[in-house]
Amino acid sequence: DSQYINCLNEMGLLYKDMQQYKKAESYLIEAQKLQLASLSQDHPNLANTLNNLGILYKNMGRYEEAIHCYNEVLRIREIHLGKLHILYTSSLTNLANLYLDLANYPLAESCFLELIRLRGKAYGPNHPYYATSLEGLAQLYKAMGIYKKAIAYSIEANKIRESSLGSYHIVYAGGLSNLAQTYTEARMYDEALLLYPRALSIYKATLGKDHLKYLDCLNRIAILYTYRGNYSKARSYFEEVLTSRESHFGRQNTQYAEGLANLAFLYNEMGLCDSSEFNLQESLKILQSVLGSKHYKCAQIMDKLAVLYK
């Protein structure tokens, strides 16, 4: 019976990754029902299924259900594992990032500060997990526009990663890319341009040019070049990312839709309003098909179209 439930969870995760969310939900709900019928409401295996459901609901834009799942996971894992366990802090990270996505900054900050406290106690201040918590706080302050704090926490996290993992590790590359993105948003373009090539070269050497992390970094560089007015470079990078995403995922995928939206951003900056509108409309159609029209990513595209029409 437990093997069957594990299979249901694996099928749910598979369909989640394929962005077939309704199918994913049906498998995970079936797993949850069987566990509730045969296990206690505090069983660790139930927490695993609830965690998968929380991630799924976040992707679907069903945030209240995601928050409920994550809080239940935290409750169960605290009982069985304690707050210092890696699975407890992993669940708290999920909740913190969800609050961040929802722009609920006070609750996100509370979660990230608790993560720093717990991971400092469990691992010490020189561990990569501690650095990840610092990075979470940096991302929060970036979203709030408090760039001085964001940069300070990001630099501290990167120092820990470099000393503990080395300067060619993909986690260190991710930290460089995040710091460069913060510099870009703070309009510190020269500082960003120093970091992005280093991150990109690590991703290329360790993961290859087709990996999502490499493509995401390339996309961020394209955004930077757009802000600097170097449109030809920006366009070539955006198109490389879009072509690679299409070959990996096809066109009916959020990754491809986001690539179209990025091209629309470039065309808008170039004053090519018709091209920008076309790409936004195409992006919106895909997102509505995959995520449903009520998802926040659809609302973001509609906001961009509204600004364009003004």
Hey, are the side chains of [X] and [Y] touching, using non-hydrogen atoms and a 4.5 Å cut-off?
X: L200; Y: I221; value: yes
X: V73; Y: L95; value: no
X: Q252; Y: S289; value: yes
X: V290; Y: H295; value: no
X: L28; Y: K16; value: no
X: N45; Y: N48; value: yes
X: Y256; Y: H248; value: no

Would you say the rings of [Y] and [X] are close, in the sense that their centroids are separated by under 6.0 Å?
X: Y267; Y: F238; answer: no
X: Y123; Y: Y129; answer: yes
X: Y63; Y: Y57; answer: no

[X]/[Y] ion pair, N-O < 4.0 Å:
X: E25; Y: R62; answer: yes
X: R117; Y: E114; answer: yes
X: R228; Y: D190; answer: yes

Smallest separation among heavy atoms of [X] and [Y], with atom names:
X: P128; Y: I160; answer: N-CG2, 4.4 Å
X: A173; Y: Y203; answer: C-OH, 3.7 Å
X: Y237; Y: A222; answer: CB-CB, 3.6 Å
X: S154; Y: A138; answer: N-CB, 3.8 Å
X: T89; Y: K83; answer: CG2-O, 3.7 Å

| message | Could you walk me through whether L118 and L92 satisfy the side chain to side chain contact (heavy atoms under 4.5 Å, CB included) test, starting with their C-alpha distance in whole Å, then the side-chain angles of each, then the deciding distance to 0.1 Å, before giving a yes or no? | response | CA-CA 10 Å; L118 293 174; L92 189 58; 4.2 Å; yes

Taking atom types as modelled, find out whether [X] and [Y] have a side-chain donor-acceptor pair closer than 3.5 angstrom.
X: K297; Y: Q300; result: no
X: N219; Y: N262; result: yes
X: E269; Y: Y227; result: no
X: Q35; Y: T49; result: yes
X: R220; Y: T184; result: no

| field | Residue pair I29, L53: steps toward the side chain to side chain contact (heavy atoms under 4.5 Å, CB included) verdict | value | CA-CA 8 Å; I29 290 292; L53 271 169; 4.2 Å; yes

| message | Applying salt bridge (charged side-chain N to carboxylate O under 4.0 Å, His left out) to E162 and K159, what does each step give before you reach the verdict? | response | CA-CA 5 Å; E162 186 174 19; K159 284 179 182 174; over 6 Å; no

[X] side chain to [Y] backbone, donor-acceptor under 3.5 Å:
X: S91; Y: L87; answer: yes
X: S244; Y: V241; answer: no
X: T243; Y: E239; answer: yes
X: N158; Y: G175; answer: yes
X: S283; Y: N279; answer: no
X: N230; Y: T226; answer: no
X: S276; Y: L272; answer: no
X: Q19; Y: T254; answer: yes
X: N71; Y: I67; answer: yes

| field | Residues forming a ring pair (Phe, Tyr, Trp, His ring centres under 6.0 Å) with Y153, sequence neighbours excluded | value | Y141

| request: Please report the C-alpha distance between R77 and D42 in whole Å, then the side-chain angles of each, then the deciding distance to 0.1 Å, and finally whether the salt bridge (charged side-chain N to carboxylate O under 4.0 Å, His left out) criterion is met. | output: CA-CA 8 Å; R77 286 179 171 169; D42 298 332; over 6 Å; no

| M18-L8 co-clustered via ILVMFWY side chain contacts under 4.5 Å | yes

| Is I76 reachable from Y88 through a run of I, L, V, M, F, W or Y residues, each pair having side-chain heavy atoms under 4.5 Å apart? | no

| query | When you look at Y4 and L34, which way does the side chain to side chain contact (heavy atoms under 4.5 Å, CB included) test go after all the steps? | reply | CA-CA 10 Å; Y4 178 66; L34 291 172; 3.6 Å; yes

| When you look at R161 and E156, which way does the salt bridge (charged side-chain N to carboxylate O under 4.0 Å, His left out) test go after all the steps? | CA-CA 9 Å; R161 286 165 174 157; E156 187 180 347; over 6 Å; no

Above 12 or not: heavy atoms from other molecules or residues under 6.0 Å from [atom1] of [X]?
X: R75; atom1: CZ; value: yes
X: D17; atom1: CG; value: yes
X: Y27; atom1: OH; value: no
X: H169; atom1: NE2; value: yes

| request: List the steps, then state whether side chain to side chain donor-acceptor pair (under 3.5 Å) holds for R198 with Y172. | output: CA-CA 10 Å; R198 288 169 62 193; Y172 178 66; 2.9 Å; yes

Can you tell me how far [atom2] of [Y] sits from [atom1] of [X], rounded to the nearest 0.5 angstrom?
X: D216; Y: H211; atom1: CG; atom2: NE2; result: 11.0 Å
X: L100; Y: F112; atom1: CG; atom2: CZ; result: 5.5 Å
X: L218; Y: Y214; atom1: CG; atom2: OH; result: 5.0 Å

| field | Step-by-step ring pair (Phe, Tyr, Trp, His ring centres under 6.0 Å) determination, Y183 to Y189 | value | CA-CA 6 Å; Y183 281 138; Y189 301 137; over 10 Å; no

| field | Evaluation steps, side chain to side chain contact (heavy atoms under 4.5 Å, CB included), between T93 and R119 | value | CA-CA 11 Å; T93 301; R119 283 178 167 160; 3.6 Å; yes

| task | List for me each residue that meets salt bridge (charged side-chain N to carboxylate O under 4.0 Å, His left out) alongside E282, sequence neighbours excluded, and say none if there are none. | result | K285

| request: For salt bridge (charged side-chain N to carboxylate O under 4.0 Å, His left out), just list the numbers for K33 and E30, CA-CA rounded to whole Å, side-chain angles, deciding distance to a tenth of an Å, and then say yes or no. | output: CA-CA 5 Å; K33 283 179 182 175; E30 179 66 16; 5.2 Å; no

| message | The test is side chain to side chain donor-acceptor pair (under 3.5 Å); show your working for E135 and Q139 and say whether it passes. | response | CA-CA 6 Å; E135 185 66 54; Q139 293 299 307; 3.0 Å; yes

